[in-house]
Structure formats: C-alpha cells, structure tokens
Undergrad: 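First, the structure itself, so that you have it in front of you.
Protein chains get the first letters and strands the later ones, always in sequence-line order, with residue 1 at the start of each.
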Amino acid sequence: MPELPEVETVRRGLADRVVGRELGAPVVAHPRAVRRQEGGAALFSGRATGVVHSARRRGKYLWLEVGDRDDVVVAHLGMSGQFRVVDAPPDDDPHARVWWPLDDGTTVVFRDQRTFGWVLADRMAGEVPTAVAHIARDPFDPAFDREATARAIRRSTSGVKRVLLNQSVVSGIGNIYADETLWRVGTPPDRPASRLTQKDAIRLLDTATEVMDEALAAGGTSFDPLYVAVNGESGWFERRLDAYGRQDLPCRRCGTAIVREQFANRSSHRCPRCQRPPRGGG
DNA sequence: CTGTGGTCCTGTATGC
DNA sequence: TGCATACAGGACCACA
C-alpha cells in the first residue's frame, strides 16, 4: 500500500515528468475519484488545470502547484492509487479514473483499482493545501519536531501502533511500516503510548524514519524514477519485510513464528517473543 | 476534545 | 467448475 516512501517515489516521478508542463482540462471518468470536490466533476475539471510549478508532499498526501496563484491539485492514493504518464489517453483501462492531457502530447492518468484514492482542486492555506491542514508533518519534513512529536505520542491513551497510524500525530506511516517499526524496536502494538518514556518515543520515531528511509532507498534504486512515474510501481516487492505479511514464518531475530492478529480493525504482525511488554507490565 | 469502530471499494484468494 | 465469502486497508465520520 502506498505509504510515505511510495508516495515520495510517485512525487519524484511527477516532478520529473509533469512539472513544467501544462495540464489541460481533465477528463473525469469516475465521479467517485472527485468525491471530495464541492461542485463535483464539472468544477474539478474547470479548476484542475494550468502550468505545473512543483510537485509536493506531506505524509501520504501529494499536490501539484498549478496556474498563477495558490491553486493546487491535491491527491491521495488511498490503497491502490497510481499516477502514470502515458503516450495516449486511456482507451481500455478500467481503472483510469481521471486523466489530463499535457502540452507535450502525453497524458497523465490517475488510476485506482479500489477507489479509496481521490483528487481535488484546492487552494493553499499557508504551507499546505486546505485539505492537508490537519495532517501532521512527516519525519522527512525539514521542520519536523521530533521531541514535540514524541511528547504528542506519549499524550495519547491509545496503543502505540494506533498512535503511529494517526496522521494528525505523525504522518506518512501506514500499516506495513508501523508493523516493521514495532518489530525493530521490540514493542507490542497495544502497548499504551502513555507508558513510553520520551527516550522510547524518540527511538520509535527514529526507527520509523529509518525503516521508511530504507524503503525509499530500495524504491529509488531498484527502479528508474522515470519508470516509477510511468508505471506506478515503487519497489514494494523488492523490499525486505521483517514482520508484515510474515505470519507463521520464523522471526529473523529469534526464530519464533510471527503471529498475525486483528488490531484496530487491521491485521497486525508481530513476534510474540521479541515484542513483549517490558518487565513491570509497561 | 479524544478515542473507537464502521464504512467505503474491488481484485484476489480461499472454501464448499 | 462455479459460486459465495473473506480479506486487504487509509481516512473520514458518527458516536460514546
């Protein structure tokens, strides 16, 4: 699923293939893709055009700055969203939801199998678009405040995995990297976040950053960035996962079988030996 | 305000 | 073989 490293890889592809070009009026083939647009597809098509000045990201949200003022096209990939740059408008692609002609004759297509993703013509509200205002900075943001974020984590009464997934606390982390992070630090997902020391919480954030940085490096090196922009893949399959999806397989650290459990309505993978609550019940 | 659980959606995998 | 069901999950939203 697209989490921060995948979205960043897509952003780089868009920066390479779309920035500097002009977006023509988009075709909305599937209204659900613009469900967040007040005024619907007609208003979206009228506004989501212009010369693309930059491709930006916060957490899992992407946006293109277009036109002359504070106009942006925001996108969230949901679970299965992709951007592809293709030679001709899609003809027989059932998952093509929205596409724009570019002034070089190519077409940029937003594809989405499971339709949880969306695109939106929006305005900037300070550093980020209105639709992204409630999203916390991600660890790759130069202004990310690690200590303050660690304190925010510890203020929550929820389990630590749920807090890592809360995009208003720290953004960019999804189910896969949350499981990987918790495996690496040796913490059970339901450990109350409020029980973490500041040092624990900082270590958690540093580890999440490290895991995502490695994933980004894998996505960036195993594929040409151009290819990423064109085909939407980002090297997920090249990645070495230690916990996610490894149920019944031996833990790479201790050999105990990884277990899969339901946690916060999501599948959660952990090593029952390495990820135990600390002594004293913490 | 905070936390939680339901919901959206469809391709793939599994079960009978 | 064919049909039914389970499953995957990010973020929004109603509700406690």
Undergrad: Sort me out a list of protein N/O and nucleotides 1-4 of chain B N/O pairs below 3.5 Å, or just none if empty.
TA:
unit_1	atom_1	unit_2	atom_2	d
B:dG3	OP1	A:S156	OG	3.4
B:dG3	OP1	A:T157	N	3.0
B:dG3	OP1	A:T157	OG1	3.3
B:dT4	OP2	A:S158	OG	2.4
B:dT4	OP2	A:R162	NE	3.4

Undergrad: Please tell me if A:H95 has a side-chain N or O lying less than 4.0 Å from either OP1 or OP2 of B:dT10.
TA: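 Looking at the OP1 and OP2 atoms of B:dT10, neither is under 4.0 Å from any side-chain N or O of A:H95.
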Undergrad: Heavy atoms, side chains only, cut-off 4.5 Å: are A:L182 and A:R270 in contact?
TA: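 A:L182 vs A:R270: side chains apart.
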Undergrad: Could you note down all residue pairs passing salt bridge (Lys or Arg N to Asp or Glu O under 4.0 Å) where residues 141-160 of chain A supplies at least one of them, sequence neighbours left out?
TA: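 Listed by first then second residue: A:R58-A:D141, A:R137-A:D141, A:R146-A:D206.
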Undergrad: Charged N to carboxylate O below 4.0 Å: is that the case for A:R12 and A:E8?
TA: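 Salt bridge between A:R12 and A:E8, a charged N being under 4.0 Å from a carboxylate O: yes.
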Undergrad: Counting primed atoms plus P, OP1 and OP2 as sugar-phosphate and everything else as base, spell out the protein contacts along nucleotides 9-16 of chain C at 4.0 Å heavy-atom distance: B, S or - for each nucleotide, 5' to 3'.
TA: BBBS----
Undergrad: Between A:F83 and A:F110, what is the ring plane arrangement, given parallel below 30°, perpendicular above 60°, and tilted in between?
TA: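 The rings of A:F83 and A:F110 sit tilted, inter-plane angle from 30° to 60°.
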Undergrad: Taking 4.0 angstrom as the limit, do A:R56 and A:E127 come out as a salt bridge?
TA: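 No, A:R56 and A:E127 are not salt-bridged.
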Undergrad: So, are A:E6 and A:K60 salt-bridged, with charged N and O less than 4.0 Å apart?
TA: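 Looking at A:K60 together with A:E6, the answer is no, because their closest N to O distance does not fall below 4.0 Å.
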Undergrad: Starting at CG of A:D112 and ending at C1' of B:dT10, how long is that distance when rounded to a whole Å?
TA: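 Answer to the nearest Å: 10 Å.
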Undergrad: Tell me, please, which residues at least two apart from A:D122 pass side-chain contact (heavy atoms from CB on, under 4.5 Å).
TA: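 With neighbours one apart ignored, the set is A:V72, A:V74, A:L120, A:P129, A:T130, A:A131.
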Undergrad: Testing the 3.5 Å rule here: is there a donor-acceptor pair between the side chains of A:S54 and A:E65?
TA: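 The answer is yes; a qualifying pair exists.
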Undergrad: Estimate the overall bend of the helix from B:dT2-C:dA16 to B:dC16-C:dG2 from the end axes over five pairs each, rounded to 10 degrees.
TA: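 Inter-axis angle at the ends, rounded: 50°.
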Undergrad: Ion pair present between A:D190 and A:K161, side-chain N to carboxylate O less than 4.0 angstrom?
TA: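 A salt bridge is absent here (no side-chain N lies under 4.0 Å from a carboxylate O).
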Undergrad: Using the test side-chain contact (heavy atoms from CB on, under 4.5 Å), find all partners of A:A41 that sit at least two apart in sequence or belong to another chain.
TA: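 Listed in chain order: A:V28, A:V34.
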